[in-house]
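For reference, the structure discussed in these notes is given below.
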Amino acid sequence: SDLRAVLLHLGLHATQQLSGINAGFYYSTTFLDGVIPNPALGTALVGLVNVVATMLASSLMDGQRRVTMLALSIGGMLVSAAVLTLALQGLLSNAWALVGVILYVFFFELGLGPGCWLIPSEVFYNAIRMRAMTLATFANRVTTTGVVASAISIQDAWSWSGFFAWYGSTALVAAAF
């Protein structure tokens with residue numbers, strides 16, 4: 001039904017932002033400070049990986065099933081969030097924190113990043129596509145605002161490792177979704 005498809009799409013958009021990806025971008029210099037010698041360089045590297053992974057995803061999305069790309073994306077994000085969390089807790093060497101955030105961004109861009117924008121153009125027919133995309137975009141932006149606005153509070157309460165453990169766990173919810 002149309003309602004089920006719209007709700008599924010709203011959930012996909014919310015999941016995209018509940019991954020904490022934007023807060024990860026916005027605060028990467030902050031959480032990499034003291035972890036690697038040059039956090040600004042780490043942030044630039046994360047941005048470069050974002051661009052490269054987006055270009056890779058644009059070629060893969062047309063040749064692979066959307067569900068496969070989403071599953072790969074969410075699974076990779078879960079593993080990389082675990083690596084990042086362990087590194088920020090000091091259980092892995094500091095270099096793993098940078099590897100973790102790079103892989104988190106990479107896997108996000110392989111499926112969850114572009115997928116929630118691409119899939120509706122294929123799922124919804126013209127009569128409801130505009131309304132469904134408007135609702136989904138609204139859900140995406142509201143969720144982003146909540147995640148980014150709460151990032152520092154979560155970091156203060158749980159540290160950056162707690163932040164990534166919390167938002168990385170959304171991958172488990174997304175997998176069930």
Side-chain angles (χ1 to χ4, degrees), residues 1-26 28 41-87 95-144 147-148 164-177:
S1 80
D2 291 342
L3 179 59
R4 182 173 179 260
V6 169
L7 292 175
L8 194 62
H9 189 60
L10 288 172
L12 186 59
H13 270 270
T15 299
Q16 182 198 52
Q17 294 308 314
L18 286 173
S19 71
I21 193 72
N22 284 323
F25 281 124
Y26 297 157
S28 61
L41 182 61
T43 297
L45 186 56
V46 168
L48 176 65
V49 168
N50 183 39
V51 171
V52 170
T54 300
M55 292 184 334
L56 176 63
S58 67
S59 66
L60 289 175
M61 276 289 182
D62 286 334
Q64 303 297 319
R65 293 185 57 218
R66 307 297 187 242
V67 153
T68 303
M69 295 302 292
L70 285 172
L72 175 66
S73 177
I74 291 167
M77 289 174 69
L78 178 61
V79 170
S80 56
V83 167
L84 179 56
T85 299
L86 293 172
W96 284 104
L98 183 59
V99 169
V101 74
I102 285 171
L103 289 175
Y104 196 74
V105 169
F106 177 81
F107 282 110
F108 174 84
E109 290 302 340
L110 280 188
L112 196 55
C116 73
W117 300 104
L118 179 63
I119 292 170
S121 65
E122 300 167 342
V123 171
F124 297 116
Y125 52 92
N126 287 338
I128 68 163
R129 184 177 298 140
M130 179 183 64
R131 287 184 214 112
M133 285 301 296
T134 300
L135 286 172
T137 301
F138 179 76
N140 188 289
R141 297 293 88 196
V142 166
T143 308
T144 297
V147 169
V148 172
F164 283 102
W166 173 256
Y167 285 113
S169 69
T170 62
L172 291 173
V173 176
F177 183 67

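Bear in mind the structure is a predicted one, so any value in this text is a computation, not a measurement.
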Query raised in the report: So, does Gln16 use its side chain to make a donor-acceptor pair with the main chain of Gly113 at under 3.5 Å?
Result: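 Pair found, side chain donor or acceptor close to backbone of Gly113.
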Query raised in the report: Are any side-chain N or O atoms of Ser80 and backbone N or O atoms of Gly76, one a donor and one an acceptor, separated by less than 3.5 Å?
Result: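 Present.
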How long is the straight-line distance from [atom2] of [Y] back to [atom1] of [X], given to the nearest 0.5 Å?
X: Ile74; Y: Met69; atom1: CD1; atom2: CE; answer: 11.5 Å
X: Ser59; Y: Gln64; atom1: OG; atom2: CD; answer: 9.5 Å
X: Leu60; Y: Met55; atom1: CG; atom2: CE; answer: 12.0 Å
X: Leu112; Y: Leu12; atom1: CG; atom2: CG; answer: 6.0 Å
X: Leu78; Y: Phe107; atom1: CG; atom2: CZ; answer: 11.0 Å
X: Ile102; Y: Asn50; atom1: CD1; atom2: CG; answer: 11.5 Å

Shortest non-hydrogen contact from [X] to [Y]?
X: Leu84; Y: Ala97; answer: CD1-O, 3.1 Å
X: Pro120; Y: His9; answer: CG-CE1, 2.8 Å
X: Asn22; Y: Arg141; answer: ND2-NH2, 4.1 Å
X: Val147; Y: Ala23; answer: CG1-CB, 4.2 Å
X: Ser19; Y: Thr170; answer: CA-OG1, 3.5 Å
X: Phe164; Y: Ala81; answer: O-CB, 4.0 Å

Query raised in the report: Should the heavy atoms of other residues, nucleotides or ligands under 6.0 Å from CH2 of Trp96 be counted, would the total exceed 12?
Result: no
Query raised in the report: Taking the side chain as C-beta and beyond, is there a heavy-atom pair between Phe106 and Leu56 under 4.5 Å?
Result: yes
Query raised in the report: Hey, does Val83 have a side-chain heavy atom less than 4.5 Å from the side chain of Tyr104?
Result: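 A side-chain contact is absent here, since even the closest heavy-atom pair is not under 4.5 Å.
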Query raised in the report: Which is it for Phe124 and Met130 under the side-chain contact (heavy atoms from CB on, under 4.5 Å) test, yes or no, and what are the steps along the way?
Result: CA-CA 9 Å; Phe124 297 116; Met130 179 183 64; over 6 Å; no
Report summary line: Quick note, salt bridge (charged side-chain N to carboxylate O under 4.0 Å, His left out) partners involving residues 102-112, not counting sequence neighbours, are none
Query raised in the report: Do Phe138 and His13 have ring centroids that are under 6.0 Å from one another?
Result: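 No, too far apart.
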**Report entry** Residue pairs involving residues 123-134 (criterion side-chain hydrogen bond (donor to acceptor under 3.5 Å, both in side chains); sequence neighbours excluded)
**Finding:**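 Qualifying pairs, neighbours excluded: Asp2-Tyr125, Asn126-Arg129.
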Query raised in the report: In a check of side-chain contact (heavy atoms from CB on, under 4.5 Å) between Val105 and each of Leu110, Thr54, Leu48, Ile21, which one passes?
Result: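 The option that passes is Ile21.
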